[in-house]
Number of protein chains: 2
Amino acid sequence: MGELREPLRDLIECGLPQALEVMGERWSFMILRASFNGLKHFEEFLTELGIARNILSNRLAKLVEHGILKREPCADDRRKIEYRLTEKGFDLLPAMLALRQWGQKYGTEQVIEDPVLVDELDRLPIGPVSILAHDGRILGPQDLWLTRPADLGKRADGTIASPAAGLGMGDVVNLAAAKAAAAR
Amino acid sequence: MGELREPLRDLIECGLPQALEVMGERWSFMILRASFNGLKHFEEFLTELGIARNILSNRLAKLVEHGILKREPCADDRRKIEYRLTEKGFDLLPAMLALRQWGQKYGTEQVIEDPVLVDELDRLPIGPVSILAHDGRILGPQDLWLTRPADLGKRADGTIASPAAGLGMGDVVNLAAAKAAAAR
DNA sequence: ATATCTAGGTTGCGAGTTGCAACTGAAAAC
DNA sequence: GTTTTCAGTTGCAACTCGCAACCTAGATAT
């Protein structure tokens with residue numbers, strides 16, 4: 001994955017510890033998953049997840065505090081409180097799916113996904129969560145490299161790739177694919 | 001995200017709990033990240049991460065036990081032990097990157113990524129980790145739907161999408177993009 | 001109006017984890 | 001042959017988890 005090593009400073013400063021501050025706690029991802037499945041109320045989470053009351057209370061409060069869920073009293077019954085995903089919470093979907101796909105790939109038990117997550121357009125199962133290049137190519141670990149910002153675009157052969165020229169390529173590619181898919 | 005809700009059984013049986021069994025623990029992702037950065041030895045992890053000795057020992061053992069790292073005594077110095085990523089460990093890269101990108105997007109502190117993760121081909125920064133359709137389109141939360149396996153490919157308008165026809169589309173798309181990128 | 005039920009908590013307690021510091025034991029360096 | 005380095009283990013204090021019981025405001029029934 002390249003010869004460069006991120007310095008100590010970065011091991012602390014990168015986005016990972018920030019993400020783990022909330023999502024690293026024991027039940028956070030399971031609550032998130034339940035939210036993605038439409039669960040909204042305290043007692044729903046409680047019975048579906050089999051988590052302890054106090055822990056659930058604590059986790060929900062923390063998720064709200066970090067802006068992943070929003071807490072709003074129900075209009076029709078003011079005892080009830082709705083916990084729903086914010087945009088920030090929704091943005092965790094790739095991370096959750098990646099983790100889930102990994103667990104599924106290597107899990108011991110044969111998992112029969114009964115409801116399958118599909119693409120709304122053609123109702124076919126989604127592919128694996130992927131690392132994309134700026135132009136939409138799928139990258140594997142062997143395609144990745146660490147570079148100092150000053151060397152961005154400097155290829156091994158000395159030629160220079162222009163970041164500006166690449167902007168929008170992904171959209172073009174995906175539009176093309178969307179059209180092709182819609183035609184079938 | 002569709003009208004269907006995954007049943008309780010699935011909340012337990014899906015890949016997520018399996019993944020969280022190892023990666024849900026407090027330092028696992030940080031150790032993984034250090035591994036991706038080329039750290040291999042006990043004392044390296046210890047000083048770079050600022051983790052306690054006993055916890056590091058425990059976590060490394062668990063990661064080895066779950067086949068994410070492999071533990072091999074060093075050839076040249078038999079006190080030293082190398083912990084290196086297995087393929088299973090490497091496969092966690094999308095999950096780690098997704099989490100990291102999320103943390104970076106919403107983190108309070110302005111993160112200046114000094115070494116940037118780039119595409120080896122053009123040395124330009126990678127794009128966001130994405131959920132792809134089977135044909136390579138990038139999907140957002142609004143494009144996702146839950147369907148029972150029997151209804152795969154059944155579109156809302158009644159027409160049927162063929163999974164077979166879609167195979168390889170992603171490759172075609174990505175080849176085209178790669179060519180376009182290489183031409184610049 | 002009073003009693004009961006329900007939703008969403010909080011509190012107290014025992015068990016398990018985490019983190020620090022000190023100790024161990026084997027291999028390398030001097 | 002003494003010291004240093006590497007990779008642990010052990011003991012102990014602080015914190016977190018999970019369970020069960022209790023609490024409070026709002027809804028429902030009589």
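Chain A is the first sequence line, chain B the second, and so forth, proteins listed ahead of strands; every chain is numbered from 1.
In this structure, B:Val118 and A:Leu146 have side chains that are not in contact, with every pair of non-hydrogen atoms separated by 4.5 Å or more. A:Ile138 places a side-chain heavy atom less than 4.5 Å from the side chain of A:Leu132. Inter-residue side-chain proximity for B:Lys40 and B:Arg84 is flagged as met; some heavy-atom pair is nearer than 4.5 Å. By the 4.5 Å heavy-atom criterion applied to side chains, B:Tyr106 and A:Asp91 are counted as neighbours. Counting only heavy atoms from C-beta outward, the side chains of B:Met96 and A:Leu16 approach each other to under 4.5 Å.
Residues that satisfy the side chain to side chain contact (heavy atoms under 4.5 Å, CB included) test with A:Ala19, not counting sequence neighbours, are B:Leu99, B:Trp102. Take A:Asp77 and apply the side chain to side chain contact (heavy atoms under 4.5 Å, CB included) test, not counting sequence neighbours, and it matches A:Arg79, A:Lys80.
Between A:Asp76 and A:Gly50, the residue anchored nearer the 5' end of DNA chain D, judged by the nucleotide with its closest heavy atom, is A:Gly50.
For A:Arg78 and D:dT24, the CZ to C1' distance is 16 Å, given to the nearest whole Å. Rounded to whole angstrom, the span from the CD atom of B:Glu82 across to the P atom of D:dC6 amounts to 14 Å. The interatomic distance linking B:Phe45 (CZ) with D:dA7 (C1') rounds to 13 Å, in whole Å. B:Leu46 has its CG atom 12 Å from the C1' atom of C:dG19, to the nearest Å.
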Could you list the donor-acceptor pairs under 3.5 angstrom formed between side-chain atoms of residues 51-71 of chain B and any protein atom two or more places apart in sequence or on another chain?
unit_1, atom_1, unit_2, atom_2, d
B:Arg53, NH2, B:Glu43, OE2, 2.9
B:Lys62, NZ, B:Glu25, OE2, 3.1
B:His66, ND1, B:Lys62, O, 3.0

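Within residues 54-70 of chain A, the residues approached by DNA chain C to less than 4.0 Å at the level of any non-hydrogen atom are A:Asn54, A:Ser57, in residue-number order. Contacts between residues 19-29 of chain A and DNA chain D, defined by a heavy-atom separation below 4.0 Å, involve A:Trp27, listed by number.
If you take CG on A:Leu117 and CZ on A:Arg100, they are separated by 7.0 Å, rounding to the nearest 0.5 Å.
Distance alone, capped at 3.5 Å, places no donor-acceptor pair between the B:Glu48 side chain and the B:Glu44 backbone.
When the options A:Lys154, A:Arg137, A:Arg155 are evaluated for a salt bridge (charged side-chain N to carboxylate O under 4.0 Å, His left out) with B:Asp122, the one that passes is A:Arg137.
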Polar atom pairs (N or O), protein with nucleotides 1-7 of chain C, under 3.5 Å:
unit_1, atom_1, unit_2, atom_2, d
C:dT6, O4', A:Arg79, NH1, 3.3
C:dT6, O2, A:Arg79, NH1, 3.1

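Proximity of B:Tyr83 to the phosphate of D:dC6: no side-chain N or O atom is located under 4.0 Å from OP1 or OP2.
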